[in-house]
A.B. asks: 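Got a structure for you, written out below as structure tokens; questions coming shortly.
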Amino acid sequence: MTTVSPERARTFDSLNPATGEVVGTYPVHDAEAVEAAIARAAEAARWWAALGWAERRRRLIAFKSLLMRNATRVARKIRDETGKPMGDAVLEVIMAVTHTDWAARNAEKVLRRRRVSSGLVAFNMAATVEYHPLGVVGVIGPWNYPVFTPVGSYVYALAAGNAVVFKPSELTPGVGVLCAELFAEVVPEQPVLQVVTGLGETGAALAGSPGVAKIAFTGSTATAKRVMKACAENLTPLVAECGGKDALIVDSDADVRDAAEAAVWGAMSNAGQTCVGVERVYVLDSVYDRFVNELKSLTAQVRPGEAEDAPYGPITMPQQVDIIRRHIDDALDRGGRAVVGGRESVREPFVDPVVLVDVPEDSAAVREETFGPTITVTRVASLDEALEKANSSSYGLGSTVFSGSARRAMDLARRLRTGMTAINSVISFAMIPALPFGGVGASGFGRIHGPDGLREFSRAKAISRRRFAIPGMKPTSFTRTQQELDRLVKFATLLHGRSRR
Ligand code: NDP
């Protein structure tokens, strides 16, 4: 929710989505300003990389402590710009702090030089691999988790030794600016983390700049395609964290109450504006009625509002309300039933919980990302049917399984075509910093978080060093003789020619 000032459009306002009140005014950074930030970042990147592992670790741990001590202040800013309740905003800061701590403490272990086996054919070689920073990483973030989501990219990029230019969503510029100010308190020497504010064009300038070594984009699939086009111009690599249409499967021996609680939280918290929020549920026939009754009783008291302790707040982006309305209308017009809420649940800027059943699988409410506090619940005859339906989505971000059998749940988790699966819990993978986070298909590619997230912002450097010469064995030289080659063939046949395991 933003307005650009008409006179020369040099600033824009950030508004509280619940009240419409202006909560901040920020510059619109144009392409020139973005280039200037990237140029400053290039120098900062050299300085930051030269600091070394121990000092970067110290600074990042100092940053996480400062962030934690300022949790209420940052949460207040999140609440001002997104409308989410204070409790959820604080939880988001705690998750960001946890990731910062992990990235700081593990970067060296994951990325430092290590020896690898050189193999029998190259036994006279020493082989090492190490991960070098890329330089300047551009981070483009969404508004729904304005601290947790970009931190998942930028602290991993920083821990790997890069400088970052971060473009927050135009809906949440203040949160981005505040975090960068806190970072500058622990790294005052150089602009290692800079924020550029503005609308889509500011992000486009960042993605299209030849000065950035990689773009970490989090947002919708549609925008990711535009960003990818801009990146293609300079062959800039991209990690794309996009939307989802996550499914939850309830097995016949699952704890039905637990599963329903997880479904309600996964679908309704943050007004359903969660990339890994639960949007579809597939329930085994034998527990379907009990599950739907539990959903009804759990949502009975859940009403969004403006209060600090409301279960959830408004729809942050006004245009999203039309999408939510269209999905509910389409589901109901095509034979679906609302067992909780209905068309009347949309009362802008708030949307009450909506639980839809008997919705055709090809309707918008089942196929497209709704990003609202709605959920579809579908009865299935078998786990195979649940799996097939869950997997028939162009998206593949997260998924959830509730089952009484750890073995069956693990098997289902592996067969779900998503980047992450939570078992008997919801969204739990996002709270574990050591686990990679990212999707498949329309949900994007590349990984943030964990060792993969650190490597995502590094380039592998391979070094092979000859330790001693092998007399009569120089296969990569024009002085090589036929006898040498014959000896090599004999040796390789001995090693690899038999089909024994
Ligand atoms: P958008 O795609 O609308 O925007 C994402 C970011 O891209 C914003 O900062 C936006 O700036 C910027 N942007 C817009 N146009 C361009 C452009 N042409 N070039 C470069 N940058 C541009 O997404 P939302 O902010 O609405 O976020 C919601 C989406 O994000 C949902 O689909 C959600 O599922 C997904 N998401 C994915 C996550 C994941 O980890 N996989 C996590 C969180 C959200 P501006 O806002 O100024 O237009």
Side-chain angles (χ1 to χ4, degrees), residues 1-4 12-14 17 26 28-29 31 34 81-82 92 95 99 138-153 156 165-173 175-176 195-209 212 215-233 236 238-246 270-279 315-320 323 368-372 394-398 418-420 427 429-430 436-449 453 456:
M1 200 191 239
T2 46
T3 53
V4 177
F12 66 105
D13 294 334
S14 168
Y26 297 89
V28 173
H29 287 118
V34 171
E81 294 195 318
T82 65
E92 187 186 334
M95 283 170 71
H99 276 275
V139 174
I140 299 175
W143 46 266
N144 56 344
Y145 291 89
V147 173
F148 172 69
T149 295
V151 155
S153 293
Y156 286 84
V165 177
F166 168 40
K167 152 68 177 71
S169 164
E170 68 195 59
L171 305 188
T172 52
V175 178
V195 169
V196 289
T197 53
L199 315 189
E201 298 75 48
T202 306
L206 187 60
S209 168
V212 293
I215 289 288
F217 170 83
T218 309
S220 63
T221 307
T223 309
K225 291 179 185 175
R226 286 199 286 278
V227 170
M228 199 165 170
K229 259 190 199 153
C231 285
E233 200 56 42
T236 305
L238 168 72
V239 43
E241 297 289 347
C242 308
K245 189 72 190 172
D246 290 6
N270 202 27
Q273 304 166 116
T274 303
C275 55
V276 285
V278 175
E279 299 215 355
I315 301 303
T316 308
M317 190 166 65
Q319 307 90 291
Q320 196 66 30
I323 296 174
E368 297 171 23
E369 186 181 46
T370 308
F371 230 49
S394 59
Y395 290 109
L397 194 54
T418 59
M420 297 82 62
I427 318 183
F429 43 76
F437 187 101
V440 301
S443 293
F445 49 82
R447 292 294 180 267
I448 56 171
H449 302 176
E456 192 74 50

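Numbers here are sequence positions counted from 1. Hydrogens, waters and symmetry mates are skipped; everything else that's a heavy atom, side chains included, is used. Counting convention: from 1, in listed order, for ligands and their atoms alike.
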A.B. asks: Could you find the nearest protein heavy atom to atom 39 (C) of ligand 1 and give me its residue, atom name and distance?
C.D. replies: C275 SG, 3.3 Å
A.B. asks: If we only consider heavy atoms of G198, is any one of them less than 4.0 Å away from an atom in ligand 1?
C.D. replies: yes
A.B. asks: Report the nearest protein non-hydrogen atom to atom 32 (O) of ligand 1: residue, atom name, distance rounded to 0.1 Å.
C.D. replies: E369 OE1, 2.7 Å
A.B. asks: Identify which of G141, G203, G219 has a heavy atom lying nearest to atom 6 (C) of ligand 1.
C.D. replies: G141
A.B. asks: At the 4.0 Å heavy-atom cut-off, does W143 count as touching ligand 1?
C.D. replies: yes
A.B. asks: If you measure every N or O of S220 against every N or O of ligand 1, does any of those distances drop under 3.5 Å?
C.D. replies: yes
A.B. asks: For ligand 1, note which part of L397 has a heavy atom under 4.0 Å away: side chain, backbone, both or neither.
C.D. replies: side chain
A.B. asks: Could you list which atoms of ligand 1 come closer than 4.0 Å to a heavy atom of T223?
C.D. replies: 1 (P), 2 (O), 3 (O), 7 (O), 13 (N), 14 (C), 15 (N), 16 (C), 22 (C)
A.B. asks: Tell me: protein heavy atom nearest atom 28 (C) of ligand 1, and distance?
C.D. replies: F371 CE2, 3.8 Å
A.B. asks: Starting from atom 47 (O) of ligand 1, what is the nearest protein heavy atom, named by residue and atom, and what distance separates them?
C.D. replies: E170 OE1, 2.6 Å
A.B. asks: Of all the heavy-atom pairs spanning V239 and R447, show the shortest one and how long it is.
C.D. replies: CG2-N, 4.0 Å
A.B. asks: Can you check whether E92 reaches P146 side chain to side chain, under 4.5 Å on heavy atoms?
C.D. replies: yes
A.B. asks: Could you tell me if the side chain of M420 sits less than 4.5 Å from the side chain of V276, heavy atoms only?
C.D. replies: yes
A.B. asks: Report the part of F437 in contact with ligand 1, treating N, CA, C, O as backbone and CB onward as side chain, heavy atoms under 4.0 Å; options are side chain, backbone, both, neither.
C.D. replies: side chain
A.B. asks: With distance as the sole criterion, is a donor-acceptor pair present between the side chains of T370 and K245 under 3.5 Å?
C.D. replies: yes
A.B. asks: Among all protein heavy atoms, pick out the one at the shortest distance from atom 5 (C) of ligand 1; state its residue, atom name and that distance to 0.1 Å.
C.D. replies: T218 O, 3.6 Å
A.B. asks: Which heavy atom of the protein is the closest neighbour of atom 27 (O) of ligand 1, given with residue, atom name and distance?
C.D. replies: P142 CB, 3.3 Å
A.B. asks: For atom 11 (O) of ligand 1, find the nearest protein heavy atom and state the residue, atom name and distance (0.1 Å precision).
C.D. replies: K167 NZ, 3.0 Å
A.B. asks: Would you say the side chain of V28 lies within less than 4.5 Å of the side chain of T197, judging by non-hydrogen atoms?
C.D. replies: no
A.B. asks: Are P150 and T218 close enough that some pair of their side-chain heavy atoms sits under 4.5 Å apart?
C.D. replies: no
A.B. asks: Looking only at protein heavy atoms, which one is nearest to atom 41 (N) of ligand 1, and what is the separation?
C.D. replies: C242 O, 2.8 Å
A.B. asks: For A207 and ligand 1, answer yes if some heavy atom of the residue is under 4.0 Å from a ligand atom, otherwise no.
C.D. replies: no
A.B. asks: Taking all non-hydrogen atoms of both residues into account, name the closest pair between V34 and H29 and its distance.
C.D. replies: CG2-O, 4.2 Å
A.B. asks: Quick one: which of T316, V175, N144 gives a side-chain contact (heavy atoms from CB on, under 4.5 Å) with T82?
C.D. replies: T316
A.B. asks: Compare N144, L206, T197, L199 and give the one whose heavy atom is closest to atom 43 (C) of ligand 1.
C.D. replies: N144
A.B. asks: Output the list of atoms in ligand 1 that are nearer than 4.0 Å to some heavy atom of E241, sorted by atom number.
C.D. replies: 37 (C), 39 (C), 40 (O), 41 (N)
A.B. asks: Could you check whether F148 and W143 have their ring centres less than 6.0 Å apart?
C.D. replies: no
A.B. asks: Looking only at side-chain N and O atoms, does T274 offer a donor or acceptor that is under 3.5 Å from a partner on Y145?
C.D. replies: yes
A.B. asks: Taking the six-membered ring for Trp, are H99 and H449 parallel (under 30°), tilted (30 to 60°) or perpendicular (over 60°)?
C.D. replies: tilted
A.B. asks: Using a 4.0 Å cut-off to any heavy atom of V227, which atoms of ligand 1 qualify?
C.D. replies: 19 (N), 20 (C), 21 (N)
A.B. asks: Does the side chain of T172 pick up a donor-acceptor pair with the side chain of E81 at under 3.5 Å?
C.D. replies: no
A.B. asks: What are the atoms of ligand 1, with element, lying closer than 4.0 Å to any heavy atom of I140?
C.D. replies: 6 (C), 7 (O), 9 (O), 12 (C), 20 (C), 21 (N)
